[in-house]
Amino acid sequence: MDRLASEAPLTPVEQRAPGRWQIGTVTSIKQETPRVKSFRIELPMWMPHLPGQHYDVRLTAPDGYRAERSYSVASSPLDEGEIELTIDLLEDGEVSPYFHEVVVEGDQVEVRGPFASYFVWRGEAPVLLVGGGSGAVPLMAILRHRRRTMPDLPMRLVYSVRNAEDVIYADELGDDAVLTFTREPPEGWTGHTGRIDESLIAEADPDPGVAFVCGSDGFVEAASGLIMQAGLTPQQIRTERFGPT
Ligand SMILES: Cc1cc2nc3c(=O)[nH]c(=O)nc-3n(C[C@H](O)[C@H](O)[C@H](O)COP(=O)(O)OP(=O)(O)OC[C@H]3O[C@@H](n4cnc5c(N)ncnc54)[C@H](O)[C@@H]3O)c2cc1C
């Protein structure tokens, strides 16, 4: 008798199709700041992403009109079966207002991913993360993953926000994060204010092996310039720009 047939039945191989559109279910929504929400989405064809990667989201109107945008994954790939996307509301936008004003828990959304091979963290160290506004999202995936897999690996986040109320993931930022407020700091704040500068980069990490920079175009330009002044080569700096396409 065939040896395989005599033993326990074979487990069918589950289908995984990276990059194909799939319908996810929103399982929870967290209001992070007045204009930022995080969405946990359960995926039937989930596969582990690398921290830093993103998904595409597609909305289809009843007349067939479609809008597609990219959103970074905020969660660690250890969160099996689901991803977290964190979306900043642009009032005159097409996709972000839909998520903020229409999507509720239990809704279905169309996504595909994970994508990107360049802006990803593969365990290099020491790491300097520099984010502005919603640019903190992919950096949070890196921080979260490091906390769960290699908590002692040197990693520092420099995070620039406008006002006290704009800090995304506020309850998760610890000693590994240095904040600066460019407009209104919280009351009694004794830390940094104003734009990211040389001293802030130096304080965060005098000798990173690799740096990840994410935010608007202008933010990425300025921060990368400062990091190069601090001695890193362009090859050591990975950037992601969230600006208009
Ligand atoms: C790889 C990648 C990852 C991204 N990850 C995230 C993420 O994790 N969270 C997140 O909130 N966004 C992220 N973005 C930005 C996101 O894809 C959209 O551009 C953003 O949500 C605006 O889409 P919208 O349809 O609401 O606005 P749109 O209809 O595209 O634009 C509305 C108006 O806002 C301007 N605009 C568009 N995008 C931006 C922007 N980012 N900043 C300022 N003005 C803008 C447009 O020029 C236009 O005037 C990412 C972008 C890329 C390329």
Side-chain angles (χ1 to χ4, degrees), residues 18-19 21 24 26 28-41 43 49-61 65-77 79 82-103 107 109-121 129-145 157 159-163 165-170 172-173 182-183 195 211-224 237-245:
W21 288 106
V26 177
S28 72
I29 301 176
K30 182 180 178 197
Q31 185 88 47
E32 301 275 2
T33 77
R35 39 172 280 186
V36 175
K37 284 184 182 179
S38 287
F39 301 82
R40 286 253 158 199
I41 303 171
L43 298 179
H49 58 277
L50 288 165
Q53 286 190 304
H54 67 267
Y55 270 68
D56 289 342
V57 171
R58 178 164 81 176
L59 304 181
T60 308
Y65 171 77
R66 278 182 167 155
E68 206 178 301
R69 302 286 184 273
S70 301
Y71 292 100
S72 303
V73 183
S75 45
S76 156
D79 293 347
E82 60 175 23
I83 52 167
E84 181 181 303
L85 305 182
T86 299
I87 302 184
D88 188 6
L89 171 65
L90 294 180
E91 260 126 35
D92 60 341
E94 278 187 318
V95 174
S96 61
Y98 178 84
F99 270 83
H100 275 258
E101 289 150 24
V102 180
V103 171
D107 277 0
V109 290
E110 202 176 8
V111 302
R112 67 173 176 186
F115 294 125
S117 57
Y118 161 72
F119 194 81
V120 294
W121 179 58
L129 309 171
V130 183
S134 56
V137 178
L139 308 182
M140 187 41 105
I142 297 174
L143 258 188
R144 283 172 166 168
H145 195 53
L157 167 68
Y159 183 18
S160 170
V161 289
R162 286 186 180 157
N163 303 308
E165 63 177 28
D166 295 328
V167 183
I168 314 175
Y169 318 118
E172 286 185 54
L173 300 178
T182 56
R183 294 198 189 154
R195 292 184 172 198
F212 290 83
V213 185
C214 186
S216 66
D217 238 350
F219 178 87
V220 169
E221 282 302 316
S224 309
I237 307 172
R238 287 169 215 166
T239 58
E240 182 94 282
R241 295 158 197 261
F242 279 7
T245 43

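In listed order, ligands and their atoms are each counted from 1.
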> Relative to the heavy atoms of P97, which atoms of ligand 1 are at a distance of less than 4.0 Å?
Replying inline: 26 (O)
> With atoms numbered from 1 as shown, which atoms in ligand 1 lie under 4.0 angstrom from a non-hydrogen atom of E240?
Replying inline: 1 (C)
>> Distance under 4.0 Å to a non-hydrogen atom of I87: what atoms of ligand 1 satisfy this?
In response: 11 (O)
>> Is it the case that ligand 1 has an N or O less than 3.5 angstrom from some N or O of S72?
In response: yes
> K30 versus R40: any side-chain heavy-atom pair under 4.5 Å?
Replying inline: no
> Is there a donor in the side chain of R162 and an acceptor in the side chain of T182, or the other way round, less than 3.5 Å apart?
Replying inline: no
> Run the side chain to side chain contact (heavy atoms under 4.5 Å, CB included) check on R66 and T60 step by step: do they pass?
Replying inline: CA-CA 4 Å; R66 278 182 167 155; T60 308; 3.1 Å; yes
>> Using a 3.5 Å cut-off on N or O atoms only, is H54 in polar contact with ligand 1?
In response: no
>> List ligand 1 atoms under 4.0 Å from L90, heavy atoms only on the residue side.
In response: 22 (C), 34 (O), 36 (N), 37 (C), 38 (N), 39 (C), 40 (C), 44 (N), 45 (C)
> Mind checking what makes ring-ring contact (aromatic ring centres under 6.0 Å, His included) contact with F119, not counting sequence neighbours?
Replying inline: F212
> Any idea which atoms of ligand 1 are less than 4.0 Å away from a heavy-atom of V137?
Replying inline: 8 (O)
>> Whether E68 and R58 form a salt bridge (side-chain N of Lys/Arg under 4.0 Å from carboxylate O of Asp/Glu) is what I want to check.
In response: no
>> Show the atoms of ligand 1 that are less than 4.0 angstrom away from any heavy atom in R241.
In response: 53 (C)
Distance-only check: which donor-acceptor pairs under 3.5 Å involve side-chain atoms of residues 133-140, not counting sequence neighbours?
none

>> Checking the N or O distance criterion of under 3.5 Å, is ligand 1 in contact with F242?
In response: yes
>> Could you check whether R69 makes a cation-pi contact with F99, meaning its NZ or CZ is under 6.0 Å from the centre of the six-membered ring and within 45° of the ring axis?
In response: no
> Which option out of R69, K37, E68 puts a heavy atom nearest to atom 30 (O) of ligand 1?
Replying inline: R69
> Less than 3.5 Å between some nitrogen or oxygen of T86 and one of ligand 1, yes or no?
Replying inline: yes
> Quick check: does V95 get an N/O under 3.5 Å from an N/O on ligand 1?
Replying inline: yes
> In terms of ring plane angle, is the pair W121 and H145 parallel, tilted or perpendicular, where the classes change at 30° and 60°?
Replying inline: perpendicular
